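The structure appears right after this line, and notes come after that.
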Amino acid sequence: MKIAILSRNTRLYSTKRLVEAARERGHVVRVLDPLRCYVRIAPGAVAIRYNGKPLRDIDAVIPRIGTSTTFYGTAVLRQLEMMGVYTPNPSDAVLRARDKLRCLQILAAQGIDMPVTVFGDNPDDSADVLALLGEPPHVIKLNEGSQGTGVVLAEKRAASQSVIEAFRGLYANFLVQEFIAEANGSDIRCFVVGRKVVAAMRRDASPGDFRANLHRGGSAVAVPLSAGEKRLAVKAAAALGLGIAGVDLLRSQRGPLLLEVNASPGLEGIEAASGVDVAGAIVQHLERHVVRRGAADAGRAGAGSARG
């Protein structure tokens, strides 16, 4: 199988592990910087080139698209999809997950429980928007932030209003959520591959912080999941159309709550904490789907020949 990995940096842990796992299983793998790809769009003649040469005969692509390159990266991924390349995370699914507001709306429509979230644009409505949420503390987060950036805890209503005014002054889109105090600065990262949680870890915030992101100095340990937590994680990934996802949960008094879904989850923290070969699980997922697709194509071709 010929596998492409869309990544801007070959030295990143996640990219290196995916390359290693694919080569260990006998596959040809190539890392492509999505910003160096360029496309030709025409009816029946779509094409993609990289460093002056056409990209052909790719069986599967794993997108590792950062937030700063979402628009261009998903355009390249979409072009590969149009050429018949299999991807576990289609471009539309990546876009759904990357937009936190859209993501939560989709998941709420599926009945997935989550912290109460409010969204409003007009400054005249700020007081009523916060009233819909309830008493502080409030968590205010940028709609397209990642790794804990652009996330603020406001412990008083006046602080919430001040942060909201600041974000509006920057013309930034943001959400306001209820603060789940009983989570105690911890969350659960569930790594979903296909329709299964292959690994999980509990992330704990560093002292004085409430964000459990490892990039913010948090720590992580392996954690067993309840059946309900596994079902929630798999359901959330499926609702967004993601075959590979990092699903973040909070443990609350009313049960597990969906916090976020990440379409390009990192492998370093989860592999170190859980001891699971997550990269290998991803490659095995590609193998199953590419083989299945090839068999289906062969079956259709055979049926066509028989009719002829």
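Everything quoted here is computed from the prediction, not taken from an experiment. Counting begins at 1 with the first residue of the sequence.
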Is the shortest distance from a Lys or Arg side-chain nitrogen in [X] or [Y] to a carboxylate oxygen in the other one below 4.0 Å?
{"X": "R8", "Y": "D33", "result": "yes"}
{"X": "D187", "Y": "R251", "result": "no"}
{"X": "E135", "Y": "R157", "result": "yes"}

Scan side-chain atoms only and decide if [X] and [Y] contain a donor-acceptor pair under the 3.5 Å cut-off.
{"X": "S91", "Y": "E81", "result": "yes"}
{"X": "R64", "Y": "S264", "result": "no"}
{"X": "K141", "Y": "Q177", "result": "yes"}
{"X": "S126", "Y": "Q161", "result": "no"}
{"X": "E155", "Y": "H138", "result": "no"}

Ignoring hydrogens and geometry, is there a side-chain-to-backbone donor-acceptor pair from [X] to [Y] under 3.5 Å?
{"X": "D204", "Y": "S219", "result": "no"}
{"X": "S226", "Y": "E229", "result": "yes"}
{"X": "N184", "Y": "S186", "result": "no"}

Membership question, hydrophobic clusters at under 4.5 Å side-chain separation (ILVMFWY): are [Y] and [X] in the same one?
{"X": "L101", "Y": "L257", "value": "no"}
{"X": "I65", "Y": "M83", "value": "yes"}
{"X": "V193", "Y": "V223", "value": "no"}
{"X": "L107", "Y": "F119", "value": "yes"}

Check whether any side-chain heavy atom of [X] lies under 4.5 Å from a side-chain heavy atom of [Y], and answer yes or no.
{"X": "E271", "Y": "V276", "result": "no"}
{"X": "L77", "Y": "T87", "result": "yes"}
{"X": "L32", "Y": "R30", "result": "yes"}
{"X": "V151", "Y": "L142", "result": "no"}
{"X": "L249", "Y": "C190", "result": "yes"}
{"X": "I62", "Y": "L18", "result": "yes"}
{"X": "V61", "Y": "L6", "result": "yes"}
{"X": "R168", "Y": "F174", "result": "yes"}

Is it true that, when you exclude [X] itself, more than 12 heavy atoms of the residues, nucleotides or ligands shown sit nearer than 6.0 Å to its [atom1]?
{"X": "R254", "atom1": "CZ", "answer": "yes"}
{"X": "D121", "atom1": "CG", "answer": "no"}
{"X": "R49", "atom1": "CZ", "answer": "yes"}
{"X": "E182", "atom1": "CD", "answer": "yes"}

Task: Pair T10-K16, side chain to side chain contact (heavy atoms under 4.5 Å, CB included): steps then yes or no - done: CA-CA 6 Å; T10 59; K16 290 192 297 183; over 6 Å; no
Task: Identified salt bridge (charged side-chain N to carboxylate O under 4.0 Å, His left out) counterpart of D248 within the set R202, K100, R189 - done: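 Single salt bridge (charged side-chain N to carboxylate O under 4.0 Å, His left out) partner of D248 among R202, K100, R189: R189.
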Open item on the list: With side chain to side chain contact (heavy atoms under 4.5 Å, CB included) as the criterion, how do E287 and H27 come out once you've worked through the C-alpha distance, each side chain's angles and the decisive distance to 0.1 Å?
Closed with: CA-CA 10 Å; E287 291 171 344; H27 302 298; 2.6 Å; yes
TODO: Report the C-alpha distance between V283 and V29 in whole Å, list the side-chain angles of each, state the deciding distance to 0.1 Å, and finish with yes or no for side chain to side chain contact (heavy atoms under 4.5 Å, CB included).
DONE: CA-CA 11 Å; V283 175; V29 60; over 6 Å; no
Open item on the list: What verdict does the side chain to side chain contact (heavy atoms under 4.5 Å, CB included) test give for R288 and L286, after you've listed the backbone C-alpha separation in whole Å, the side-chain angles of each residue and the deciding distance to 0.1 Å?
Closed with: CA-CA 6 Å; R288 288 191 295 270; L286 297 185; over 6 Å; no
Open item on the list: Would you compute the distance between atom CG of D125 and atom CD1 of I164 and round it to the nearest 0.5 angstrom?
Closed with: 11.0 Å
TODO: Take the angle between the ring planes of H289 and Y86 and call it parallel below 30°, perpendicular above 60°, tilted in between.
DONE: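 Rings of H289 and Y86: parallel, as their planes differ by under 30°.
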